[in-house]
Number of protein chains: 2
Amino acid sequence: MLALNLDKYQPGLSVDCVILGFHQNELKALLLKMKNMDKWSLPGGFVEKDEDVDKAAVRVLQERTGLKNIFLRQFHLFGEVDRGDRGHVDGLLQKGVIGKDLYGWFKQRFVTVGYYALVEYSQVEAPQPDYFSESCEWCAINGLPDLMLDHAGILEKAHEVLKRQLNYQPIGLNLLPKRFTMPELQALYETLLGKALDRRNFQRKMLGYGILIRTGERRTGGAHKSPWLYEFDEEKYRRGLAEGLNVSW
Amino acid sequence: MLALNLDKYQPGLSVDCVILGFHQNELKALLLKMKNMDKWSLPGGFVEKDEDVDKAAVRVLQERTGLKNIFLRQFHLFGEVDRGDRGHVDGLLQKGVIGKDLYGWFKQRFVTVGYYALVEYSQVEAPQPDYFSESCEWCAINGLPDLMLDHAGILEKAHEVLKRQLNYQPIGLNLLPKRFTMPELQALYETLLGKALDRRNFQRKMLGYGILIRTGERRTGGAHKSPWLYEFDEEKYRRGLAEGLNVSW
DNA sequence: TCTTATTGTGTCATTTTGACGCAATAAAGG
DNA sequence: CCTTTATTGCGTCAAAATGACACAATAAGA
């Protein structure tokens with residue numbers, strides 16, 4: 001979205017991505033700071049006329065993070081007529097975020113498709129702001145800045161969906177480095193759930209899923225006993241994703 | 001959608017409802033038969049410019065079934081550029097389903113929001129066809145007629161989502177009559193899952209959820225031992241919906 | 001009254017879960 | 001160099017949930 005040729009885009013339709021990473025035992029989202037404003041936004045974009053909506057989300061993700069082949073999933077369409085602040089677009093114009101030429105386009109009603117992406121924090125080297133923003137940064141989910149429109153709600157919804165999915169889907173691939181320790185995986189779960197888990201029962205349950213492979217090596221350098229390094233068994237991980245993990249019938 | 005004033009609608013956006021009912025131990029969907037064609041479609045509609053997308057789905061449901069206050073849930077946005085048959089709209093014109101005046105509107109790219117609704121079969125008294133269809137009927141999920149565009153895929157996706165949700169959400173309210181027997185509830189589960197369940201273990205598990213109330217009465221008139229009639233404890237049912245049933249953490 | 005299919009209720013072995021104990025580290029401090 | 005300390009690997013045990021199945025109590029029809 002560098003040069004904005006509005007004719008290219010499908011009117012009234014946008015995508016917003018909740019890009020989540022895990023760093024220092026915190027869940028973080030990649031956010032954009034609007035130019036000249038104390039407002040932040042989710043990375044988003046418009047959908048080209050000859051572009052699948054899913055593809056548009058992939059493109060947004062690619063443009064901000066430089067990453068391809070990321071776990072990306074549509075989770076909700078936000079279709080309310082009033083998605084927040086009535087004076088929003090006027091504010092953008094006033095602050096010079098958009099010019100008069102874009103005013104009409106932005107003023108129209110938009111519905112937006114929410115996607116969430118799980119990415120490995122360290123692989124995102126230089127997050128790129130877009131045309132309307134001055135920076136692109138990781139922000140901890142606890143303690144978010146002021147978000148524009150209904151973006152806080154979108155983020156909240158993504159978090160909810162993810163939390164629910166923890167109960168019947170594996171998570172961690174694409175969010176943790178290729179090799180990780182059991183305590184690291186547990187920390188991810190605890191952060192997402194917002195509560196502590198018993199270390200020993202957690203390990204038993206995770207191993208029971210059969211999606212982990214214990215490498216022969218340990219993570220050394222830590223202050224205490226060196227934990228084993230694990231990898232995901234991608235074949236079985238994928239099957240877990242497709243079929244579900246705690247299927248009671 | 002009786003008089004079609006296209007100015008009223010948000011361009012490029014539609015909703016489609018997978019309206020499911022349960023009758024004679026079969027899962028059925030309410031479908032529309034297109035005028036003069038051997039093609040069927042999901043009940044759908046356009047979104048008014050000042051109407052929430054969710055509200056549009058409610059309206060469609062209301063217009064076809066006459067019912068309000070139904071369990072209705074958005075499950076996916078179908079946003080591919082090519083959602084099926086390229087010659088579809090030309091076919092509609094040729095068969096007289098739409099006039100020339102509507103050709104342009106229909107020819108544009110649409111993304112559609114999929115909703116599924118669970119309704120009590122017997123409460124839908126006279127399903128109403130819309131402007132483009134000649135009848136509105138219940139069709140068994142196994143053995144569907146030929147559906148237009150990607151509607152078969154939409155229906156399939158709804159079924160998938162529902163099946164998955166059986167594992168962590170209660171179901172039956174709005175789909176079964178107010179009072180029902182355990183074998184009836186089990187038949188619903190078996191139909192959705194497409195497999196047989198042990199009668200006794202099923203009952204134990206359902207009762208364990210604590211969302212059922214056993215009324216003092218039995219269903220009489222059957223050929224054999226009269227089963228107890230149950231009702232849902234709506235308070236607890238709703239809590240089950242919100243919090244999930246098989247939450248492992 | 002007897003037959004037959006269906007429902008209510010319960011048993012039992014197995015598996016899974018929740019709540020802990022204890023020994024083996026690995027760095028840091030004295 | 002030996003002790004301290006926090007962390008990890010591995011295991012135990014009772015309680016709860018699950019899967020497989022037995023048996024008695026119907027209710028209509030032969």
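Throughout, a chain's letter reflects where its sequence line sits, starting with A, and its residues are numbered from 1.
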*asked:* Nearest to the A/Lys225 side chain among C/dA27, D/dG9, C/dT9, which nucleotide is it?
replied: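 Nucleotide nearest to A/Lys225's side chain: D/dG9.
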*Output yes when B/Lys28 and B/Glu137 qualify as a salt bridge under the 4.0 Å nitrogen-oxygen rule, no when they do not.*
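Salt bridge: no.
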*Give a yes/no on whether any side-chain N or O of B/Ser226 is located under 4.0 angstrom from OP1 or OP2 of D/dA27.*
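True: B/Ser226 side-chain N/O within range (under 4.0 Å) of D/dA27 OP1/OP2.
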*5'-most by nearest nucleotide on DNA chain C - A/Ala223 or A/Asn201*: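 Its nucleotide being nearer the 5' end, the pick is A/Asn201.
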_B/Thr181 or A/Gly221, whichever maps to the more 5' nucleotide of DNA chain C_ =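 Per heavy-atom nearest nucleotide, the more 5' residue is B/Thr181.
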In whole angstroms, how far is the [atom2] atom of [N] from the [atom1] atom of [X]?
X	N	atom1	atom2	result
A/Leu207	D/dT8	CG	P	15 Å
B/Trp249	C/dT17	CH2	P	9 Å
A/Leu245	C/dT16	CG	P	14 Å
A/Lys205	D/dA17	NZ	P	13 Å
B/Leu197	D/dC21	CG	P	15 Å
B/Phe202	D/dA17	CZ	C1'	16 Å
B/Gln203	C/dT6	CD	P	16 Å
B/His224	D/dA24	NE2	C1'	16 Å

*Give one of base, sugar-phosphate or nothing for A/Gly208, where a contact means two heavy atoms less than 4.0 Å apart.*
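A/Gly208: no heavy atom of the nucleic acid under 4.0 Å.
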*Look at all strands and tell whether A/Arg219 reaches a base, only sugar-phosphate, or nothing, counting heavy atoms closer than 4.0 Å.*
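Here A/Arg219 touches no strand at all.
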Hey, is the side chain of [X] pairing donor to acceptor with the base of [N] inside 3.5 Å?
X	N	answer
A/Arg199	C/dA19	no
B/Arg204	D/dG19	yes
A/Arg200	C/dG21	yes

_If we ignore hydrogens and angles and just use 3.5 Å, is the side chain of A/Tyr116 paired with the main-chain N or O of A/Leu162 as donor and acceptor?_
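Not at all, since once roles are kept as given, no pair shorter than 3.5 Å links the two residues.
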_Applying salt bridge (Lys or Arg N to Asp or Glu O under 4.0 Å) to A/Lys178 and A/Glu234, what does each step give before you reach the verdict?_
CA-CA 11 Å; A/Lys178 201 140 214 99; A/Glu234 301 208 11; 3.7 Å; yes
*Is the B/Phe232 to B/Phe180 ring centre distance short of 6.0 Å?*
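Yes, they do, as the ring centres are separated by less than 6.0 Å.
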*Atom pair CZ/CD of A/Phe71 and A/Glu120 - distance to nearest 0.5 Å*: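 A/Phe71 atom CZ to A/Glu120 atom CD measures 15.5 Å (nearest 0.5 Å).
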